[in-house]
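All of these numbers come straight from a predicted model, not from anything done at the bench. The sequence lines fix the lettering, A, B, ..., with proteins before strands; numbering per chain opens at 1.
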Amino acid sequence: MKLSVLRGMQDILPHHVHLWQYVEQKARTILELYNFHEIRTPLLEQAELFLRSIGEDTDIVEKEMYIFNDKKGRRIALRPEGTASVVRAYIQNSLFNNPSPQKLYYIGPMFRYERPQKGRQRQFHQIGVECFGISSPSIEAELLWIVKQFFDTLNLKNFSFEINSIGCRKCRISYKESLFKFLRDKIKDFCSDCQRRFVKNPLRVLDCKVNSCREILRDAPLVLDFLCDGCKRHFFDFQEELKHYEIDYIINPRIVRGLDYYTGTVFEVTTSMLGAQNAVVAGGRYDELVGFFGGPSTPAVGFAMGVERIVELAKDSLCLKPKSPLVYVAYVGEELDREVKLVINEIRKEGFIAERAYEKTSLKNQLKKAHKLGVQWVIIVGEEEIKTSSYRWKRMVDGAQGIATLEEIIKLLRERNENK
RNA sequence: GCGGAUGUAGCUCAACGGUUAGAGCACUGGACUGUGGCUCCAGGUGCUGCGGGUUCGAGUCCCGUCAUCCGCCCCA
């Protein structure tokens, strides 16, 4: 039987993983600069957590969740997104007793049972942030600013910020009424998905991408026109903040998000460089979710970005190479293994990446190996040199070599490495 | 879940239904036993994704299946 990776999952191999580390490192650096703290929650949760937060009639819950029963018959789900888990952890651990606001971030795999495609895997990775306790729109603006900063450090281009407000519960009551009236006599002309959505969650009809449906929806009422004074004000202030940050944005009234917990501000960052899977970042405000799960009423906002998609974008503009060892320790002659260990330990103690020959082979082969590894320096341990307690060094770039004590060689490495 | 395309060496790709299936790169060893890149030689380079069927004969044609890619859908 041939074993292979599961559909929609992939190995991230060493020659590729350095890009991931780079992206993750940059994300951590910038998020921590803005006083976000990492939180790590389990990959498995009670299925109910997602059913109730994301919404039972969303696509994620209806057909994309990995759900199974464990040995005790509990309903378990692999997390399809991060927000629900973080909210659960926030409430369960009473993080609301810590100084407000709580600004959290996470990096990790998510699971959705979808048809795989480029930029869409069943196990995919998100870098996400969640802020609890800030109702001012300055936090939404700061989040988008962080995204922009992050993309700039990765040298990513060709993305656009799209924003919308879907209002609070209050606004949505009047909006839903109006939308319902609008759709009621036209719904027979919509696709079957829309007809189903119309019954269960009319807001979702707006998200349809079928051309004929979109055509009809062109005249549909916009949630933006039904915002209450508070939401209107909030959305206005949010845009003022974006202008202060000099972030170019467009208002896309069609963004309603695929998860039910959102209220007020929602946004997406899309790129034209990835084909159909064009969303790179998405998020919004969810002021009612903490209260909904029994925590104290707490304003909250967050976003998640798709790491696969960012890595895909970044790999063209970054062209990073994996690290090569700086030094290779070769040896000739018998019984010198102890000596090699001694030399290479000292070099590694200095923080230089070093590789060595593990098995006896010709010096020629060892140098070939060193060359392939891309090392800059080779140290040769041999009987001749040991007699004078010194070693031969060789600089690969120009072939220069000499004999020196280990202390002198390390000094040489230090100088050369600092010059770069 | 639906539609389309594609599966041959580690990678990029060839081979009319007809011998024992090929090239380049990469990989391993040797020529060179204390000196890399160049060259030459020798080699694993393989259940032609998997399973059936048609045929005297299938990498090639047909069916199924699995996987990848593209579109729909969904999203990150």
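Under the Watson-Crick or G-U wobble criterion, with both distances below 3.5 Å, B/G7 is paired with B/C66. The base-pairing partner of B/C2, taking Watson-Crick or G-U wobble contacts with both distances under 3.5 Å, is B/G71. Pair check for B/A58 finds none; no Watson-Crick or G-U wobble contact set falls under 3.5 Å. Base pairing of B/G17: no nucleotide in any strand meets the Watson-Crick or G-U wobble criterion (both distances under 3.5 Å). Base pairing of B/G36 is not made with any nucleotide, judged by Watson-Crick or G-U wobble geometry with both donor-acceptor distances under 3.5 Å. Base pairing of B/G43: its partner is B/C27, meeting the Watson-Crick or G-U wobble criterion (both donor-acceptor distances under 3.5 Å).
Listed by first and then second residue, the salt bridge (charged side-chain N to carboxylate O under 4.0 Å, His left out) pairs involving residues 394-409 of chain A are A/Arg395-A/Asp398 (not counting sequence neighbours). Applying the salt bridge (charged side-chain N to carboxylate O under 4.0 Å, His left out) rule to pairs touching residues 34-45 of chain A yields A/Arg28-A/Glu38, A/Glu38-A/Arg40, A/Glu45-A/Arg88, sequence neighbours excluded.
Legend: residues meeting salt bridge (Lys or Arg N to Asp or Glu O under 4.0 Å) with A/Glu64, ordered by chain and number and at least two apart, are absent.
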Please list each protein N or O that sits under 3.5 Å from an N or O in nucleotides 64-68 of chain B, with the distance.
from: B/U68; atom 1: OP1; to: A/Gly8; atom 2: N; distance (Å): 3.2
from: B/U68; atom 1: OP2; to: A/Arg7; atom 2: NH1; distance (Å): 2.6

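Salt bridge status for A/Glu346 with A/Lys349: present, with a side-chain N to carboxylate O gap under 4.0 Å. Salt bridge annotation for A/Arg414-A/Glu350: present, with a cationic side-chain nitrogen under 4.0 angstrom from a carboxylate oxygen. In summary, A/Glu140 and A/Arg285 engage in a salt bridge, as defined by a charged side-chain N under 4.0 Å from a carboxylate O. Between A/Arg169 and A/Asp287, no side-chain nitrogen of the basic residue sits less than 4.0 Å from a carboxylate oxygen of the acidic one, so the salt-bridge criterion is not met.
A/Gly128 comes within 4.0 angstrom of nothing in the nucleic acid, heavy atoms only. In this structure, A/Glu308 reaches neither bases nor backbone, as no heavy-atom distance under 4.0 Å exists between it and the strands shown. Using a 4.0 Å heavy-atom criterion, one finds that A/Val307 contacts no nucleic acid atom at all. Among the atoms of the strands shown, none is found under 4.0 Å from any heavy atom of A/Gln10. Backbone-only engagement by A/Ala304 is indicated by non-hydrogen atom pairs under 4.0 Å involving sugar-phosphate atoms exclusively.
In this structure a side-chain-to-backbone donor-acceptor pair under 3.5 Å is present from A/Lys103 to A/Tyr34.
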Readout for nucleotides 25-35 of chain B: B = base within 4.0 Å of protein heavy atom, S = sugar-phosphate only, - = neither; 5' to 3' it is --SS-S-B-BB
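Distance check on atom P: B/C61 versus B/G17 gives 8 Å, rounded to whole Å. B/U19 and B/C56 have their C1' atoms separated by 15 Å, with the value rounded to a whole Å. B/G59 and B/U8: their C1' atoms are spaced 7 Å apart (whole Å). B/G10 and B/U45 have their C1' atoms separated by 9 Å, with the value rounded to a whole Å. A gap of 15 Å separates the C1' atoms of B/C11 and B/G46, to the nearest Å. Only the P atoms considered, B/A23 is 13 Å distant from B/C41, to the nearest whole Å. Look at the C1' atom in both B/U6 and B/C38: the space between them is 40 Å, to the nearest Å. Across B/C70 and B/U65, the matching P atoms stand 23 Å from one another, rounded to whole Å.
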Could you pull out all donor-acceptor pairs under 3.5 Å where a side-chain atom in residues 243-253 of chain A meets a protein atom, sequence neighbours excluded?
from: A/Tyr249; atom 1: OH; to: A/Gln239; atom 2: OE1; distance (Å): 2.9
from: A/Asn252; atom 1: OD1; to: A/Arg254; atom 2: N; distance (Å): 2.9
from: A/Asn252; atom 1: ND2; to: A/Glu162; atom 2: OE1; distance (Å): 2.7

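Side-chain N/O atoms of A/Gln366 and A/Tyr331 include no donor and acceptor closer than 3.5 Å.
The distance between atom CD of A/Gln123 and atom C1' of B/A76, rounded to the nearest whole Å, is 14 Å. Across the protein-nucleic acid pair, A/Lys118 atom NZ and B/C75 atom C1' stand 17 Å apart, rounded to whole Å. Nucleotide B/C75 holds its P atom 12 Å from the CZ atom of A/Phe124, rounded to whole Å. The distance between atom CZ of A/Phe50 and atom P of B/A76, rounded to the nearest whole Å, is 14 Å. Put simply, CD1 on A/Ile107 is 17 Å from P on B/A76, counting in whole angstrom units. Between A/Gln117 atom CD and B/U6 atom P there is a gap of 18 Å when expressed in whole angstrom units. In this entry the distance linking CD of A/Gln121 with C1' of B/C69 reads 12 Å, nearest Å. In this structure, A/Met110 places its CE atom 10 Å from C1' of B/A76, rounding to the nearest Å.
Between the side chain of A/Arg120 and the base of B/C69 there is no donor-acceptor pair of N/O atoms closer than 3.5 Å.
The side chain to side chain contact (heavy atoms under 4.5 Å, CB included) with A/Val340 is formed by just one residue from the set A/Ile379, A/Val329, A/Asn345; it is A/Val329. The residue from A/Arg7, A/Gln10, A/Met9 that alone fulfils the side chain to side chain contact (heavy atoms under 4.5 Å, CB included) condition with A/Gln121 is A/Gln10.
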